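Since we're looking at a predicted model, the values are computed, not measured.
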Amino acid sequence: MYYGADYYPEHWPEERWAQDAQMMREAGFNVVRMAEFAWTRMEPREGEFNFGWLDDAIALMAEHGIESVLGTPTAAPPAWIMDAYPEAALVTEDGRVMTYGSRRNYCPSSGVYRVHSQRIVAAMAEHYADNPHVIAWQIDNEFGGRCYCADCQAGFQQWLRERYGTLDAMNAAWGTEFWSHIYTAWEQVPLPWEATRLHNPSLALNYRRFMSDTYADYQRLQIEILRELAPDQPISHNLMGFGYPNLDYFDLAADLDFVTWDNYPRFMGTPNLSNRGLAHDTMRGLKNKPFWVMEQQGGPTGNAVVNATPRPGEIPFWAWQAIAHGADGIVFFRWRTARFGAEEYWHGILDHHGIPSRRYREVKEMGEALERIGDKLDGSRVAGDVAMLLSYDSRFAFQNQPHNPHLDYPDIFQRLYRSVWERNLGTQIVSPEAELDGFELVIAPMLYVMDEEIAQRLRDYVRNGGTLVVTCRTGVTDMDNGIVDAKLPGLLAEMCGVTVEEYDSLDDGRTVALKGAGELAHAGGAGLAWADVLALEGAEVLARYDADYYAGEPAITVNRYGAGRAVYVGTVPDSDMAGALLGWLAETTGVESAIQAPAGVEVTERVSDEGRFLFLLNGTAQEQVVDLGEGGEERTRGESVSGEIKLEPLGVRVVQRA
Amino acid sequence: MYYGADYYPEHWPEERWAQDAQMMREAGFNVVRMAEFAWTRMEPREGEFNFGWLDDAIALMAEHGIESVLGTPTAAPPAWIMDAYPEAALVTEDGRVMTYGSRRNYCPSSGVYRVHSQRIVAAMAEHYADNPHVIAWQIDNEFGGRCYCADCQAGFQQWLRERYGTLDAMNAAWGTEFWSHIYTAWEQVPLPWEATRLHNPSLALNYRRFMSDTYADYQRLQIEILRELAPDQPISHNLMGFGYPNLDYFDLAADLDFVTWDNYPRFMGTPNLSNRGLAHDTMRGLKNKPFWVMEQQGGPTGNAVVNATPRPGEIPFWAWQAIAHGADGIVFFRWRTARFGAEEYWHGILDHHGIPSRRYREVKEMGEALERIGDKLDGSRVAGDVAMLLSYDSRFAFQNQPHNPHLDYPDIFQRLYRSVWERNLGTQIVSPEAELDGFELVIAPMLYVMDEEIAQRLRDYVRNGGTLVVTCRTGVTDMDNGIVDAKLPGLLAEMCGVTVEEYDSLDDGRTVALKGAGELAHAGGAGLAWADVLALEGAEVLARYDADYYAGEPAITVNRYGAGRAVYVGTVPDSDMAGALLGWLAETTGVESAIQAPAGVEVTERVSDEGRFLFLLNGTAQEQVVDLGEGGEERTRGESVSGEIKLEPLGVRVVQRA
Amino acid sequence: MYYGADYYPEHWPEERWAQDAQMMREAGFNVVRMAEFAWTRMEPREGEFNFGWLDDAIALMAEHGIESVLGTPTAAPPAWIMDAYPEAALVTEDGRVMTYGSRRNYCPSSGVYRVHSQRIVAAMAEHYADNPHVIAWQIDNEFGGRCYCADCQAGFQQWLRERYGTLDAMNAAWGTEFWSHIYTAWEQVPLPWEATRLHNPSLALNYRRFMSDTYADYQRLQIEILRELAPDQPISHNLMGFGYPNLDYFDLAADLDFVTWDNYPRFMGTPNLSNRGLAHDTMRGLKNKPFWVMEQQGGPTGNAVVNATPRPGEIPFWAWQAIAHGADGIVFFRWRTARFGAEEYWHGILDHHGIPSRRYREVKEMGEALERIGDKLDGSRVAGDVAMLLSYDSRFAFQNQPHNPHLDYPDIFQRLYRSVWERNLGTQIVSPEAELDGFELVIAPMLYVMDEEIAQRLRDYVRNGGTLVVTCRTGVTDMDNGIVDAKLPGLLAEMCGVTVEEYDSLDDGRTVALKGAGELAHAGGAGLAWADVLALEGAEVLARYDADYYAGEPAITVNRYGAGRAVYVGTVPDSDMAGALLGWLAETTGVESAIQAPAGVEVTERVSDEGRFLFLLNGTAQEQVVDLGEGGEERTRGESVSGEIKLEPLGVRVVQRA
């Protein structure tokens with residue numbers, strides 16, 4: 001288990017470094033991330049390198065038992081590059097050239113920027129390949145941002161040429177007969193710049209894919225250098241959790257050795273622990289293996305505006321939640337709050353003045369608990385029999401066409417996850433390409449973009465005995481984002497045993513009452529945002545609409561298909577109906593929590609050859625009592641426990657059982 | 001009576017066409033609109049034409065008894081034109097060049113775009129002039145959008161030169177002494193690009209006129225070709241009803257043979273039947289003759305966001321309302337929902353899958369009713385003794401200077417229309433140039449821009465016995481949008497028998513209580529947005545303010561002038577006061593509904609040599625009983641009726657009486 | 001006392017002028033401001049001057065006993081300049097070039113614009129230097145607006161070079177190690193154009209200072225010409241009160257002979273008399289001497305939207321309030337409402353039609369009262385023992401980083417001023433450089449930017465017996481806007497006897513209850529926007545938080561320091577707590593109102609060798625009774641008064657006492 005902080009020695013006088021290292025050691029730290037954002041420090045002029053300060057910092061840390069992860073600095077270009085090569089700047093959707101003075105202001109397609117990137121990455125790799133205290137690399141920082149420059153337009157046209165081969169094929173796939181947008185030369189194809197109306201949805205989806213691919217390609221450029229020059233040091237990139245909408249993280253992760261991500265529960269508003277759980281599960285799911293939190297919130301966040309300060313106990317609680325969901329590394333952002341620059345109010349563990357305070361004390365206490373746990377969690381994996389299927393293609397498609405202001409892909413995903421999370425059912429997040437064998441229950445919210453291969457995998461899963469839940473807006477388009485020529489849910493209609501006869505977008509925030517039926521007869525609730533009016537083609541009804549002109553028509557159905565069942569949810573169920581549905585699904589599939597716990601106490605399990613590690617996290621503001629039943633060893637305190645135990649507010653326990 | 005749909009055969013496999021035609025025939029269709037938006041299909045390369053597919057489609061339709069209206073395709077330029085001539089692109093107010101990928105992205109001033117437009121229109125006209133199944137043309141599609149490119153600036157300067165002759169005349173008319181904006185060369189005159197503050201109101205109004213004229217000019221370019229090459233086929237353009245603010249539709253309509261428009265009651269929010277009635281009356285009023293609805297909503301509308309689906313019965317109800325207000329053609333948009341492109345969620349009668357559903361059945365039932373009516377409505381005109389005066393000059397002026405966030409020209413127009421409509425008084429919409437003889441009542445909301453000619457016509461109307469209603473903000477500016485040098489209502493002050501001593505813009509959403517007086521003593525209500533404080537110069541008081549420092553001062557007055565009466569309404573009356581005022585006006589002028597009907601039942605009359613056709617439209621969700629009194633022949637069902645008849649929710653009856 | 005109006009003779013036929021002058025004389029006017037915004041009139045072509053019309057207007061006014069202030073016309077460039085020199089146009093933050101058709105559309109750095117400005121100013125100065133009826137100059141009009149053009153970028157780089165000397169010094173001061181924004185050439189330094197994220201706060205603050213300096217520099221250019229050519233005529237510029245955020249008015253005022261400002265109480269929403277008082281006090285404080293209101297609201301304001309009309313009596317009331325706060329000149333804007341141009345709804349005393357109405361009568365009555373007062377107020381100064389410290393550096397810093405949506409520098413300043421104003425304690429507004437000796441109480445809201453010199457002055461003030469109030473966010477940054485390396489309030493921590501242990505930004509509009517303690521034990525209320533959690537280092541507690549995890553911790557403290565006291569307010573106190581605190585401060589420092597008056601009656605005192613002039617202003621809508629006690633001479637009516645006197649709503653009295 002790695003435990004540490006993001007450290008920027010270049011921000012502080014060298015005389016201070018030893019004091020920082022000493023305080024880190026006392027907090028139980030064994031890792032720092034450094035060098036990220038220090039390009040000009042390392043290469044003040046083209047080809048002139050300066051690593052001495054970083055060598056010193058790595059060595060000093062090592063003396064205190066702290067290893068280093070190094071970031072490549074490409075997220076923030078030096079002024080000397082952007083001043084000399086203005087064409088390397090990112091261009092926004094409305095045509096503005098992103099000028100200097102911020103970060104992520106480069107175009108990922110830019111040839112000249114790639115040349116500069118390769119040089120600094122190669123220099124770092126050569127210099128640090130053999131340094132035993134450099135244990136890993138982080139590439140760039142939080143990839144993202146769409147570019148609309150001339151290089152990207154040319155790149156997009158080339159990307160399309162590779163995808164479609166001929167203009168005829170592309171025109172046919174995109175339906176460019178509409179508005180006579182038939183392209184007769186590749187050079188005519190525009191980027192989806194701001195326009196008087198919506199762009200062609202096929203173009204829009206492909207542009208999003210192209211930008212995602214372009215970042216993956218730019219990342220690969222750096223990976224290849226690092227793999228060649230520093231083959232023994234694993235490589236990561238710090239992603240942005242479930243919430244970040246613009247990159248296909250499955251693609252980015254495929255090229256990495258391990259995934260890390262940046263977790264800020266109090267960035268916007270009150271922390272949502274269910275959404276945090278989903279984010280961790282998603283990051284773990286990208287490679288189906290343990291991950292690190294490379295930036296774990298260490299103080300109040302803020303840019304122009306400062307957000308609420310983390311309440312006492314929250315910082316370690318959030319870090320424990322990460323571990324409970326499979327993190328093998330916790331790196332707090334940042335060690336000490338910067339006294340300068342755009343992020344001077346994005347606070348670290350220490351305040352600007354560098355004197356230890358409440359936050360340092362909390363982090364130190366957690367460090368002590370981790371030392372008590374020692375290496376016991378090594379090699380353990382998070383258990384879970386439920387899968388949720390995350391389709392970036394579908395998510396991108398809804399960005400262009402949200403359908404309804406309240407029909408948000410991440411929102412419906414988070415709603416359904418929440419119903420699973422409230423029952424403490426271990427959940428894996430998988431891609432549409434994933435194998436589903438072995439899951440007891442698969443939930444695929446709004447799987448809008450689909451081809452026969454995906455459909456076949458889902459049908460096989462159900463036919464072989466699985467239980468699959470799909471929702472409104474499933475199977476609507478093909479991989480080119482053209483709408484299918486069949487009643488919805490298209491390729492899944494037969495399996496679901498229903499067809500969508502009409503749909504009603506619930507505009508102006510309308511909702512529609514739902515009334516349970518059949519096996520869900522006890523349930524009630526409301527449908528949000530969208531209402532499919534269903535015709536039964538063999539399915540049984542689980543809920544009906546109870547209002548509007550389609551009152552009495554089926555809203556949620558279940559269909560036996562082969563040895564399994566397919567549930568169709570024709571609306572966005574509110575928490576009452578979603579809870580009832582998930583309860584019924586858990587019961588009928590037999591998935592259950594590792595232990596019964598009161599509401600608000602999160603339960604996960606990490607499992608290894610050493611045993612089963614039960615995590616109990618009291619996310620409430622009240623003391624909670626959990627009945628362990630069978631006893632075990634509580635590892636954060638090092639004591640034997642059994643039967644009823646008490647958890648203080650934000651209290652955490654890790655109980656090892658056989 | 002024409003009845004049909006907008007059809008895009010190029011979106012579908014040719015094998016499907018016959019099935020579509022067959023289904024159309026079964027629904028009673030006799031017309032389709034085609035070719036609109038098919039430029040690249042028809043001219044894939046400059047001067048190379050391909051009409052075979054369209055010939056086939058027209059012929060196939062004709063075989064099924066369906067005639068064709070052809071659209072010229074200029075609303076959506078081919079990629080090959082815009083790529084080769086980027087200067088033809090529209091430029092927005094903030095200087096952005098409208099890039100490719102949408103529609104209406106061309107500059108209507110552009111010389112090069114005009115050359116391309118002329119070529120395709122001439123080719124179509126030559127090809128189809130003698131085709132007996134092409135019964136009419138539609139030019140372009142929904143003109144609109146303001147351009148701020150260099151061509152438009154030069155065009156505007158030339159337009160001003162023609163209007164004013166000399167810079168001195170223009171400077172004087174515009175009051176450019178203000179801020180010393182005295183132009184000493186035509187080339188200095190800017191377009192009203194985004195600026196630190198408001199532009200000169202004279203410049204702003206004239207720019208709006210110039211853009212309106214430019215579209216009319218561009219339309220004329222196409223009309224001239226069609227008139228020359230295809231003289232027997234009448235020409236239209238599909239306008240956007242009362243709501244569209246940026247073009248003087250009287251000007252556009254003057255050049256057309258007949259008016260058509262696009263009617264989408266469920267585009268934004270709940271349908272407003274009164275506003276729909278006004279839109280129909282406006283479209284009929286443009287040429288004072290029957291019109292077509294060229295796009296009648298046939299399914300849920302939507303772009304990025306989908307709007308609510310039309311409730312059962314709404315689609316035919318809206319179409320019947322159009323006929324009740326004078327439509328001689330109903331063309332549903334569109335036949336089948338496109339599976340591709342920006343408008344794939346702007347649904348047609350058929351869904352994406354092309355299988356008939358509820359909406360098709362409803363349209364088919366209406367087709368059967370229309371067949372029962374047959375040719376009986378031919379040559380009939382909508383009756384009405386009330387006129388409302390629509391001034392695009394005034395409307396344009398308020399766009400630049402709204403005066404108050406709640407003082408909206410269309411809103412006050414719609415409010416007053418609603419009071420007339422609720423009483424089922426037939427209404428004609430006329431321009432400020434119209435002859436008013438023969439109307440019992442004329443309402444001219446916010447006739448802000450006025451000259452002596454307009455004023456004289458209004459005074460003559462009243463002097464000769466008419467009843468005229470004007471409101472606050474009447475007679476404020478001259479035709480150059482300079483404020484008059486007299487107490488308001490300026491040229492109408494003497495006729496109205498009042499002067500405006502002060503006015504109070506009701507900011508922050510304030511309203512002011514009103515209390516009836518004199519003949520309106522029973523009335524009460526509130527004034528919105530604006531309050532003129534009036535001095536009586538002979539008028540009698542109909543209502544007084546009942547709050548604020550001007551409590552007790554006159555708010556609404558009536559003045560005898562010659563043989564008639566002029567009513568001055570110094571505020572925006574709420575529905576209570578507007579209803580009371582209109583009730584009194586109806587009573588004292590003797591205008592009345594063709595028949596007394598319960599609230600929510602709309603009544604209109606179409607009259608011809610054949611008789612009087614009473615339209616009864618139950619716009620409510622409840623059954624309504626109407627006492628016909630005198631009997632007649634109900635034509636949608638083909639039965640004799642008299643006395644009390646019942647109308648189901650959304651029920652429609654057409655009763656022919658002598 | 002000067003009394004008059006802003007007059008634009010060039011807007012009206014010359015035949016009208018004499019009538020205007022006559023009406024002005026009858027209203028008691030003795031001054032007009034003219035020529036502002038008449039550049040093209042005065043210089044229709046480069047170097048060709050036309051002053052005859054202005055000579056005539058000045059002479060005509062003089063015949064009626066009215067003197068003239070002349071404005072230089074540079075706020076609105078002629079079309080002939082901007083057409084010939086497009087590079088002189090202002091560029092906005094998002095890169096748009098401000099096109100012609102408005103005002104303030106020039107770049108203040110522009111060399112070519114400065115050449116043109118110098119020529120017209122010199123020509124006017126030469127022409128009018130010896131005209132005895134030209135009594136003063138106003139430079140330009142309402143300086144403001146930030147420019148982001150290439151000239152400004154070069155100017156900024158030069159300005160930085162002068163400030164920092166070397167790039168190393170600048171990089172160190174700005175902490176450009178952050179994100180590696182280390183500048184290796186001056187040409188690399190950007191302007192803070194719109195970026196993906198916040199700019200470096202040091203860059204952002206310095207850019208604001210640079211723009212402020214640039215306007216001061218541009219003003220100086222004109223001042224130098226006028227001082228040389230017309231040395232006997234004093235010079236002013238019309239500022240925009242406390243509310244204008246973008247210029248350091250202390251700097252602008254330093255170069256002027258006297259300050260004037262533009263006062264529009266009903267520009268946005270209901271007038272706020274406390275904010276008006278603060279604005280007057282600020283304008284007076286800029287040079288610590290009497291000022292003029294150069295534009296005093298004379299009718300409803302409005303641009304695209306018209307605001308509420310001034311209620312009866314408000315116009316003179318507002319003018320009296322100005323005099324009560326130290327104005328020696330009242331110039332109404334404008335004489336007559338323009339019939340043309342962007343400001344045709346920014347009404348003057350006369351309406352468009354030029355016929356006297358209520359507003360003229362009110363102004364005339366005030367003129368008569370002023371004549372009764374005569375020269376008695378000459379040489380008088382406004383009394384006051386309280387100072388409030390206004391730091392434009394701090395204000396600029398918060399513009400870039402507001403910290404919290406509800407933590408607004410002007411807002412907290414206005415809140416604290418209001419608590420002083422409600423007690424009618426005379427207040428002086430001073431800069432951070434001001435001497436504080438002699439004030440009984442000094443309030444320094446959010447003095448965020450600080451150096452040792454400022455801190456030393458504050459400490460000396462307290463040590464010598466003063467009472468100082470500071471708030472949260474005090475002493476946070478150095479003069480480069482880098483955050484200090486010490487616990488807050490940094491340089492004032494020892495004096496305040498507290499340190500800030502943590503802070504909580506109250507996001508989502510949260511507030512936190514406060515409970516008085518110690519000498520404020522009776523008080524209660526709430527803290528808004530921000531909560532400092534304080535550790536006592538010798539201070540006593542005046543209020544504690546009464547909610548959240550810091551319930552019971554100190555929120556407001558007082559510390560004895562030397563002979564004085566330092567009060568630290570760790571939050572934004574609501575009106576209850578601010579009122580209680582100010583009450584206690586007034587009591588314990590012994591400052592008090594000149595007379596006890598009912599709530600809503602404002603009391604100020606102007607003092608000269610002639611005596612003390614007590615101003616009583618009833619800002620309420622009810623009659624109020626004030627007990628004068630000692631009698632005196634009421635000067636607006638010319639009568640002796642003593643004991644209880646009645647003030648009608650909006651009634652004003654000026655009582656001279658010994």
Side-chain angles (χ1 to χ4, degrees), chain A residues 94-95 148 171 173-185 187-204 400-405 407 476-477 480-488 490 499-508 510 530-531 533 548-549, chain B residues 8 10-12 37-45 73 75-80 82-84 90 92 94 96-105 145 266 268-270 299-300 302-309 311-312 337-345 351-355 357-359:
Chain A
D94 60 354
Y148 295 79
N171 279 317
W174 290 14
T176 55
E177 292 278 0
F178 185 80
W179 285 350
S180 221
H181 284 172
I182 301 164
Y183 297 101
T184 55
E187 292 68 29
Q188 293 164 3
V189 185
L191 296 178
W193 290 290
E194 279 189 17
T196 51
R197 299 241 182 155
L198 209 60
H199 279 273
N200 181 305
S202 301
L203 181 149
N400 186 52
Q401 293 165 298
H403 286 62
N404 183 292
L407 190 75
V476 179
T477 73
D480 295 301
N481 209 18
I483 297 180
V484 299
D485 190 11
K487 287 199 176 180
L488 298 182
T499 56
V500 178
E501 289 306 296
E502 355 195 308
Y503 42 67
D504 189 25
S505 175
L506 303 179
D507 55 3
D508 300 323
R510 282 187 292 136
W530 193 269
V533 181
D548 219 310
Y549 75 85
Chain B
Y8 298 88
E10 69 274 24
H11 293 180
W12 306 102
F37 295 125
W39 195 336
T40 311
R41 204 12 130 105
M42 294 189 286
E43 187 183 9
R45 267 163 297 277
W80 61 261
M82 300 311 278
D83 189 55
L90 187 134
T92 62
D94 60 354
R96 281 188 305 116
V97 176
M98 206 28 75
T99 49
Y100 200 70
S102 185
R103 71 180 204 191
R104 300 230 64 76
N105 49 321
R266 272 201 184 269
M268 304 288 234
T270 307
N303 291 301
V305 159
V306 182
N307 303 300
T309 210
R311 274 41 203 155
T337 314
R339 292 178 46 221
F340 308 98
E343 290 191 349
E344 64 187 16
Y345 285 118
D351 282 312
H352 301 95
H353 48 64
I355 303 164
S357 66
R358 168 173 72 83
R359 300 200 301 277

(request) Let me know if A:Gln188 has heavy atoms under 4.5 Å from chain B in its side chain, its backbone, both or neither. (result) both
(message) For B:Arg96, which atoms come within 4.5 Å of any heavy atom of chain A: side chain, backbone, both, or neither?
(response) side chain
(message) Using heavy-atom distances under 4.5 Å, tell me whether A:Val476 contacts chain B through its side chain, its backbone, both, or neither.
(response) side chain
(message) Is A:Thr184 in contact with chain B via its backbone, its side chain, both, or neither, using a 4.5 Å heavy-atom distance?
(response) side chain
(request) Below 4.5 Å from any heavy atom of chain B, which atoms of A:Ala173 appear? Answer side chain, backbone, both or neither. (result) backbone
(request) Using only heavy-atom distances, determine whether the side chains of B:Asp94 and B:Thr92 contain a donor-acceptor pair under 3.5 Å. (result) yes
(request) Let me know if B:Tyr8 has heavy atoms under 4.5 Å from chain A in its side chain, its backbone, both or neither. (result) neither
(request) Kindly assign one of parallel, tilted or perpendicular to the pair A:His181 and A:Trp179, based on the angle between their ring planes and the thresholds 30° and 60°. (result) perpendicular
(message) Parallel, tilted or perpendicular: which one describes the rings of A:Phe178 and B:His11, with boundaries at 30° and 60°?
(response) tilted
(request) Would you check if the distance from the ring center of B:Phe340 to the ring center of B:His352 is below 6.0 Å? (result) no
(message) Which atoms of B:Pro73 are under 4.5 Å from chain A, going by heavy atoms: the side chain, the backbone, both sets, or neither?
(response) neither
(request) Please flag which part of A:Asp485 lies under 4.5 Å from any non-hydrogen atom of chain B: side chain, backbone, both or neither. (result) both
(request) Select one option (side chain, backbone, both, neither) describing which atoms of A:Ala486 are under 4.5 Å from chain B's heavy atoms. (result) backbone
(message) Less than 4.5 Å to any heavy atom of chain B: does that hold for the side chain of A:Val189, its backbone, both, or neither?
(response) neither
